[in-house]
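This one's a predicted model, so the numbers in the text were calculated from it and none came from an experiment.
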Amino acid sequence: NYARMKKEKKMSSRFRALVIVSIVSAASMTYAADNRVLALDGVNDSVVVPYSLQIVLPYLEDISLTTWFKFTNSLPATETAIFSFNDAYTLSYLGSSDGRIRLRFHGTGGTFHSTSNSWQVGRWYHFGITWQKSTTNGIVYIDGSQNTTTIDWGRRYDSQTNFYMGRFSWTAGGYMKGCIDDITLWEKKISDIELSQTMRKGLNGSEAGLVAWWNFDDSTANDASTNNHDGTFQNGATTIVDNFLSPEIQSITPQWAAAF
């Protein structure tokens, strides 16, 4: 009996060591030390992605869009673009007098506002929106938690421009001073788990329904999905190392946290 107990204790110790190693490895994969983000000067730099009908996203069908963003130095006084694809859609900050983040589908496509208006300079925020055809519900998420719901019919026009990050697509204006990371476009309504994966760099690029994913981790604006919607830096736009994921996510308690 003593020999058996000693053997079981030894095996238990090995198991605990294996669990500890597994947890450390998982943490290392989730919070990579070389996370890179798009850095913009707010003067005239941006990223441009050539027009593609695929990134217009399906007309009157389920869609989702997500991104991380932060402003540096100060909050913009006037409307500032996070990304823009006229006449399809634009995600922007409406200026310090309004204070909301807005996703606008151009034409008769509808407008979705965040209710949040107390953004902090230098802090990362995650924006997500899902739209479902069967319910006509568009749901805005801030940091993974539902922020507002809007009924909309999902109409969108085809874009007549390229896709831009950090400026308006229809004019050379609305330049953003700040950083952007992990823009994703989907031709489906993503689940709560998939929403969490867009926040935690949990994608692999081949997910069903993923149209485009720009994560900047290879120091380029190339599309990390399988669809090759590669972007080009304009006027000095660049990437920098910013290891925001671990502290920012640890401070967030989104509504889907119970799923883990």
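Between I82 and I180, the closest side-chain pair of non-hydrogen atoms falls below 4.5 Å. At a threshold of 4.5 Å between non-hydrogen side-chain atoms, the residues D230 and P50 do not count as touching. Side-chain contact between I101 and H113 is absent, with no heavy-atom pair separated by less than 4.5 Å. At a threshold of 4.5 Å between non-hydrogen side-chain atoms, the residues L103 and V140 do not count as touching. Side-chain atoms of E187 and L210, non-hydrogen and from C-beta on, never get closer than 4.5 Å to each other. Taking the side chain as every heavy atom from C-beta outward, T111 and R102 approach each other to under 4.5 Å. A heavy-atom distance below 4.5 Å is not found between the side chains of R123 and K70. The shortest side-chain heavy-atom distance between K189 and I63 does not fall under the 4.5 Å cut-off.
Between the E207 side chain and the G205 main chain, a donor and an acceptor come within less than 3.5 Å of each other. For the pair D223 (side chain) and W213 (backbone), a donor-acceptor distance under 3.5 Å is present. A distance-only check finds a donor-acceptor pair linking the side chain of Y125 to the backbone of Q120 [under 3.5 Å]. Put simply, the side chain of N227 gets close to the backbone of V211: a donor and an acceptor are under 3.5 Å apart. Looking only at distances, a side-chain donor or acceptor of T161 sits under 3.5 Å from a matching main-chain atom of N86. Under a 3.5 Å cut-off, the side chain of T171 and the backbone N or O of G173 do not form any donor-acceptor pair. No donor-acceptor distance shorter than 3.5 angstrom exists from the side chain of S92 to the backbone of L94, with no hydrogens or angles considered. Of the possible polar contacts, one joining the T80 side chain to the T78 backbone as a donor-acceptor pair under 3.5 Å is found. A distance-only check finds a donor-acceptor pair linking the side chain of S84 to the backbone of S169 [under 3.5 Å]. Side-chain atoms of T239 never come within 3.5 Å of backbone atoms of R36 as a donor-acceptor pair (strictly under, hydrogens ignored).
Nearest heavy atoms, Q146 versus T149: NE2-OG1, 2.8 Å. Here the closest heavy-atom approach between residue N215 and residue D182 is recorded as CB-OD1, 3.2 Å. Heavy atoms only, all atoms of each residue included: S52 and H229 are closest at OG-CE1, 3.2 Å.
For the atom pair M176 CE and D41 CG, the distance stands at 11.5 Å (nearest 0.5 Å). One distance of note links CG of D62 with OG of S64; it measures 7.5 Å at 0.5 Å rounding. With rounding to the nearest 0.5 angstrom, the NE2 atom of H126 is 8.5 Å from the CG atom of D143. Between the OG atom in S134 and the CG atom in N137 there is a gap of 8.5 Å [rounded to 0.5 Å]. The OG atom of S191 lies 3.5 Å from the CD atom of E194; values are rounded to the nearest 0.5 Å. With rounding to the nearest 0.5 angstrom, the CD atom of E79 is 10.5 Å from the OG atom of S97.
Checked against the 6.0 Å centroid threshold, Y93 and F71 count as a close aromatic pair. F244 and W68 have their aromatic ring centers within a separation under 6.0 angstrom.
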request  = Test side chain to side chain donor-acceptor pair (under 3.5 Å) on T115 and N147 and set out the steps.
outcome  = CA-CA 6 Å; T115 58; N147 184 260; 3.1 Å; yes
task = Might you work through the side-chain contact (heavy atoms from CB on, under 4.5 Å) test for T130 and Y141, ending with a clear yes or no?
result = CA-CA 8 Å; T130 62; Y141 297 86; 3.9 Å; yes
task = Might you work through the side-chain contact (heavy atoms from CB on, under 4.5 Å) test for L40 and K177, ending with a clear yes or no?
result = CA-CA 5 Å; L40 300 164; K177 184 173 181 59; over 6 Å; no
inquiry  = Could you go through K188 and E61, starting from their C-alpha distance and side-chain angles, then the distance that decides it, and tell me whether this counts as salt bridge (Lys or Arg N to Asp or Glu O under 4.0 Å)?
reply    = CA-CA 7 Å; K188 71 173 187 178; E61 297 294 341; over 6 Å; no
query = Would W124 and D242 count as a side-chain contact (heavy atoms from CB on, under 4.5 Å) if you check the C-alpha gap in whole Å, the side-chain angles of each, and the deciding distance to 0.1 Å?
reply = CA-CA 10 Å; W124 282 96; D242 190 322; 3.3 Å; yes
inquiry  = Using the rule given for side-chain contact (heavy atoms from CB on, under 4.5 Å), can you reason through L65 versus Y89, listing the C-alpha separation, both sets of side-chain angles and the distance that settles it, and then say yes or no?
reply    = CA-CA 10 Å; L65 304 90; Y89 48 82; 3.8 Å; yes
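I55 and V47 fall within the same hydrophobic cluster, defined by Ile, Leu, Val, Met, Phe, Trp and Tyr side-chain heavy atoms under 4.5 Å apart, directly or through other members. Each of F69 and V48 belongs to its own hydrophobic cluster when Ile, Leu, Val, Met, Phe, Trp and Tyr are linked at side-chain heavy-atom distances under 4.5 angstrom. Under the 4.5 Å side-chain heavy-atom criterion for ILVMFWY residues, no single connected hydrophobic cluster contains both V43 and V121. A continuous path of ILVMFWY side-chain contacts below 4.5 Å connects V56 to F112, so both sit in one hydrophobic cluster. A continuous path of hydrophobic side-chain contacts links L91 to Y51 [ILVMFWY only; heavy atoms under 4.5 Å].
Ion pairing between a basic and an acidic side chain is recognised when a charged N comes within 4.0 Å of a carboxylate O; K201 and D181 show such pairing. One finds no salt bridge joining R167 and D45 here, because no Lys/Arg side-chain nitrogen approaches an Asp/Glu carboxylate oxygen to under 4.0 Å.
For Q234, the side chain to side chain donor-acceptor pair (under 3.5 Å) test picks out no residue, with sequence neighbours left out.
D218 and T220 share a side-chain donor-acceptor pair at under 3.5 Å.
Applying the ring-ring contact (aromatic ring centres under 6.0 Å, His included) test to every pair with at least one member in residues 163-206, sequence neighbours left out, gives these pairs: F83-F163, F85-F163, H106-W170, F163-W214, F168-W170.
When the options T66, T67, T198 are evaluated for a side chain to side chain donor-acceptor pair (under 3.5 Å) with T184, the one that passes is T66.
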